[in-house]
Amino acid sequence: MDHAKSIEAFKEASRYIPGGVDSPVRAFGSVGGVPPFIDRGEGAYLYDIDGNRYIDYVQSWGPLIFGHCDPEIEEAVVETARKGLSFGAPTLLETELAREIVELFESIDKVRFVNSGTEAVMSAIRLARGATGRDDIVKFTGCYHGHSDSLLVQAGSGAATFGNPSSPGVPADLTRHTLLATYNDLESVERCFEQSEGIACVIIEPIAGNMGLVPAEEEFLKGLRALCDEHGALLIFDEVMSGFRASLKGAQGLTSVRPDLVTLGKVIGGGMPVGAFGGRREIMAQLSPEGPVYQAGTLSGNPVAMAAGLASLRKLKSDPSIYVTLADRARKLTEGFAAAAHAVELPMVTEVRGSMFGFFFTDEAVKNFEDAKRGDNEIFKAFHREMLERGVYLACSSYETGFISTAHGDELIEETIRAAYESLERIAE
Ligand SMILES: *Cc1c(COP(=O)(O)O)cnc(C)c1O
């Protein structure tokens, strides 16, 4: 495969944009090499500026559940754009999309739209703090909730549960209000509640997708619910990734546990920048202008973005069997990957939730971030490179989740598995 134009484009981009990208993971830092610069997408395929074609298992990191250039979503976007790109005033589209979401999610009575997942989570945390009058929050190591200050936190020294900033520029004064717990480990959450005077909320990806794909166990989620109730803290499900991906109702279609607040993003915008947060009526009533907790956005509820989201959600609602098909294909794909790895005596464990899939080069079950780190990153890097050269575009980090779209037919899955056999045989040599 020739990458000459992408190599040149990356050089040029790096002259004007830090690291040549607008979001760090895109720079291919953890797999090496130069990221292909994309010219266009079509269904399951990406085409780069060198004219190479790839089967795309990233799908813009989740949003494109119908693949690239779905005609109905495209039409909704174009038609809406013709009427004006933004008004900063109410439109009917916002209410329509809000109604679709409220009808789907039992835990959401009201919802507010923002422009990204980061914004959705940041606002939900402020709302939880405002509604409870408390400052501390609990998050889990390995879960990603966007790049707002309170959530860029890593474990401190020793047994302390209070976090340290994971990026320069984040005040330690702020992150000491973020306590860190271990995913799928209820005792670690109990310790947080013992150490803090006032926990406003526990935030979790109920299906973690940012340490690879690691679902929360049902008993663990039930335990979180009980702990939050006992201590008067709110439970926030960050479903920015799992929403409309794991099932039509996200993780909440797969667990009986109900959160107080939910954050959404990715699929909800159908490829346009949209985030949302919602929850019980009395909590959402705390939000400005109904209540005192301030939150706002010039482009929030943007009509073109709402139209894309609405078209996507209506398509999903009209045929919920999509998720069965997508999960079958995801399972077929990961079983194929595992068989290809085992054929050359490399370890692999896999996970599937709806249209989301994950794989780790380890033979031990992965329940939390510590386990995820045991995956062999050198093999992953080599696998990523070999697959890319064979026309398969996988997420460029072992801590990311893969996504199937409705455009990924059985033949493409089979082609991908064949590429996996070839790649892994090459690596084993
Ligand atoms: C992607 C993601 C976010 C951040 O969303 P952005 O739109 O990238 O700001 C937050 N939470 C989870 C679970 C995500 O997967």
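Counting starts at 1 for both ligands and their atoms, following the listed order.
- Ring to ring, F220 and F140 are close: their centroids are under 6.0 angstrom apart.
- The six-membered or imidazole ring of F337 lies away from that of F361, with a centre-to-centre distance of 6.0 Å or more.
- Pocket lining of ligand 1, defined as residues with a non-hydrogen atom under 4.0 Å away: S116, G117, T118, Y144, H145, G146, E205, N210, D238, V240, M241, K266.
- Dense packing is recorded around NZ of K332, with more than 12 heavy atoms of other residues, nucleotides or ligands lying under 6.0 Å away.
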Exercise. Give the C-alpha distance, both sets of side-chain angles, the deciding distance and a yes or no for salt bridge (Lys or Arg N to Asp or Glu O under 4.0 Å) between K317 and E103.
Key: CA-CA 11 Å; K317 264 179 139 173; E103 279 174 14; 3.3 Å; yes
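- Side-chain atoms of D260 never come within 3.5 Å of backbone atoms of L234 as a donor-acceptor pair (strictly under, hydrogens ignored).
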With a 3.5 Å cut-off and sequence neighbours excluded, list the donor-acceptor pairs that the side chains of residues 373-382 form with protein atoms.
from, atom 1, to, atom 2, distance (Å)
K373, NZ, E370, OE2, 3.2
R374, NH1, D371, OD1, 3.1
D376, OD1, E378, N, 2.9
D376, OD1, I379, N, 3.1
N377, OD1, S398, OG, 3.1

